[in-house]
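Since the structure comes first, as structure tokens, the remarks are kept for the end.
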Amino acid sequence: MTLSVGVVIPTRGDRPAQLREAVESALAQDHPGRLSVVVVADGVAPADVDVPASARVLPNTRTPGLPGARNTGIAACDTDLVAFCDDDDLWLPGKLAAQVRALRDRGGAFASCGIEVEYVREERGPGEPTRVPRLAGRDTVTADDLARSRMVMVHSSTFLFERGALWADESAPNGQNEDWDLALRAAKRQPITYVDRPLVRVRWGASHYVARWADRIAGLDWMLARHPELAVDPRGAARVCGQLAFAHAALGHRREATRWALRALATRPGEPRAPIALAVAAGLVSAPTILSALHRRGHGI
């Protein structure tokens, strides 16, 4: 049986050129089954969203923000499977076929794949982007894997899953970490079926989330409350502590940054985010400088 796929693309309408490219990359997939694309307008009138005529544009009828927009799209689909794509990302040729084949051949209810991180330093104007593949080196991803490491390659724009099996959690603070939460919940049910090839181009230069530090702190606190296992594995726990330290440092909260950095080092002495956060807190280097250097290498904090 050939499975039908509905693609959900939320948008605020502020990246029209990239949105059109995202929609076109989904519509261009070589998939023998029925393929539909639903664009969900979040905080913008659907009439103001310009996409190819073969895509539907709907208003977000649920909680304002990314999780609500995703759930609006899921509810609008009548397909066997649902896939996500962010409005600034691209599906590369063969993405959908490889994932559907993996689900069929290996079983599973949720699939992901490798990514190619594209980064352009916008503050210097248009230029040649850097592109770095991020692969997991495996064919399944478990809940333990996602607790130990955020695994950036398990990105929302790679998600493909059975419609109705999972919904985005609309309680995520300003949409922070709703994708990590969704992947963790999926992996707790059954290991994620993973295709270890870079089949999605993730564009980091225009992310809405990258420097919203207060939101990132709230999102990490939310994840720790929802998934206590994140504080159990020393490597994973130290990573989260280090991220909290860096976010507080970026906001100028020196005392909180120091507290979280020391906690990260106590949990795992080799945690690299701790000294970086302390350097930012001390004013030795700025948070944007650190992020720019990491993004050029296809990594985040």
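In this chain, residues are counted from 1 in sequence order. Just so it is clear, the structure is predicted and the values come from calculations on it, not from any experiment.
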Do side-chain atoms of [X] reach the backbone of [Y] as a donor and acceptor pair under 3.5 angstrom?
{"X": "Q190", "Y": "A186", "answer": "no"}
{"X": "E178", "Y": "P67", "answer": "no"}
{"X": "R273", "Y": "A264", "answer": "no"}
{"X": "T72", "Y": "T61", "answer": "yes"}
{"X": "S4", "Y": "D78", "answer": "no"}
{"X": "T79", "Y": "G6", "answer": "yes"}
{"X": "R189", "Y": "F110", "answer": "no"}

Test salt bridge (charged side-chain N to carboxylate O under 4.0 Å, His left out) applied to R12 and D88, step by step: CA-CA 11 Å; R12 295 179 176 180; D88 57 339; over 6 Å; no
Hey, does [Y] have a side-chain heavy atom less than 4.5 Å from the side chain of [X]?
{"X": "E162", "Y": "L3", "answer": "no"}
{"X": "L278", "Y": "T258", "answer": "yes"}
{"X": "W222", "Y": "Q176", "answer": "no"}
{"X": "P52", "Y": "V23", "answer": "yes"}
{"X": "M153", "Y": "L135", "answer": "no"}
{"X": "V202", "Y": "R134", "answer": "no"}
{"X": "V132", "Y": "R297", "answer": "no"}
{"X": "S156", "Y": "D86", "answer": "yes"}

With sequence neighbours excluded, residues passing ring pair (Phe, Tyr, Trp, His ring centres under 6.0 Å) with H253: H248
Using side-chain contact (heavy atoms from CB on, under 4.5 Å), reason through L184 and R226 one step at a time and then give a plain yes or no. CA-CA 10 Å; L184 257 173; R226 284 178 58 81; over 6 Å; no
Non-hydrogen atoms of [X] and [Y] that approach each other most closely:
{"X": "E229", "Y": "A147", "result": "CG-CB, 4.3 Å"}
{"X": "A41", "Y": "V44", "result": "CB-O, 3.4 Å"}
{"X": "R150", "Y": "V154", "result": "NH1-O, 3.4 Å"}
{"X": "V280", "Y": "A250", "result": "CG1-N, 4.1 Å"}
{"X": "I115", "Y": "P198", "result": "O-CB, 3.6 Å"}
{"X": "A187", "Y": "T142", "result": "CB-C, 3.8 Å"}

Between [atom1] on residue [X] and [atom2] on residue [Y], distance to nearest 0.5 Å:
{"X": "F161", "Y": "D80", "atom1": "CZ", "atom2": "CG", "result": "13.5 Å"}
{"X": "D48", "Y": "T11", "atom1": "CG", "atom2": "OG1", "result": "11.0 Å"}
{"X": "R212", "Y": "L251", "atom1": "CZ", "atom2": "CG", "result": "12.5 Å"}
{"X": "I192", "Y": "L103", "atom1": "CD1", "atom2": "CG", "result": "11.0 Å"}
{"X": "S25", "Y": "I9", "atom1": "OG", "atom2": "CD1", "result": "6.5 Å"}
{"X": "Y119", "Y": "H299", "atom1": "OH", "atom2": "NE2", "result": "14.0 Å"}

Determine the sole option in V40, D42, N71, I74 for which the side-chain contact (heavy atoms from CB on, under 4.5 Å) test with R62 is passed.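 One option only clears the test, and that one is N71.
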N/O donor-acceptor pairs under 3.5 Å from side chains in residues 230-242, not counting sequence neighbours:
residue	atom	partner	partner atom	Å
D233	OD1	R235	N	3.0
D233	OD1	G236	N	3.0
R239	NH1	Q243	OE1	3.4

Step by step, would you call L58 with V39 a side-chain contact (heavy atoms from CB on, under 4.5 Å)? CA-CA 6 Å; L58 305 174; V39 176; over 6 Å; no
[X] atom [atom1], over 12 foreign heavy atoms within 6.0 Å:
{"X": "R197", "atom1": "CZ", "value": "no"}
{"X": "R263", "atom1": "CZ", "value": "no"}
{"X": "D105", "atom1": "CG", "value": "yes"}

Residue pair D169, R185: steps toward the salt bridge (charged side-chain N to carboxylate O under 4.0 Å, His left out) verdict: CA-CA 10 Å; D169 192 315; R185 287 189 282 123; 5.3 Å; no
Test ring-ring contact (aromatic ring centres under 6.0 Å, His included) on W260 and F246; report intermediate values, then the result. CA-CA 9 Å; W260 281 109; F246 187 88; over 10 Å; no
Hydrophobic cluster membership, [X] vs [Y], 4.5 Å side-chain cutoff:
{"X": "L199", "Y": "L90", "answer": "no"}
{"X": "W180", "Y": "M151", "answer": "yes"}
{"X": "I276", "Y": "L265", "answer": "no"}
{"X": "V8", "Y": "L27", "answer": "yes"}

Please test D179 against H155 for side chain to side chain donor-acceptor pair (under 3.5 Å), starting from the C-alpha separation and ending with a verdict. CA-CA 7 Å; D179 51 349; H155 186 279; 5.5 Å; no
Run the side-chain contact (heavy atoms from CB on, under 4.5 Å) check on D139 and D196 step by step: do they pass? CA-CA 6 Å; D139 60 9; D196 202 31; over 6 Å; no
If the threshold is 4.0 Å, N to carboxylate O, is there a salt bridge linking R203 and E21?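 A salt bridge is present here (some side-chain N lies under 4.0 Å from a carboxylate O).
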Quick one: do R138 and D145 make a salt bridge, cutoff under 4.0 Å? yes
Can you classify the ring geometry of F159 versus F84 as parallel (below 30°), tilted (30 to 60°) or perpendicular (above 60°)? tilted
Give the C-alpha distance, both sets of side-chain angles, the deciding distance and a yes or no for side-chain contact (heavy atoms from CB on, under 4.5 Å) between R106 and V195. CA-CA 11 Å; R106 292 191 259 141; V195 179; 4.1 Å; yes
Donor-acceptor contacts under 3.5 Å from residues 91-102 side chains, at least two apart:
residue	atom	partner	partner atom	Å
W91	NE1	S157	O	3.0
K95	NZ	Q99	OE1	2.6
Q99	NE2	S112	O	3.4
Q99	NE2	T158	O	2.8

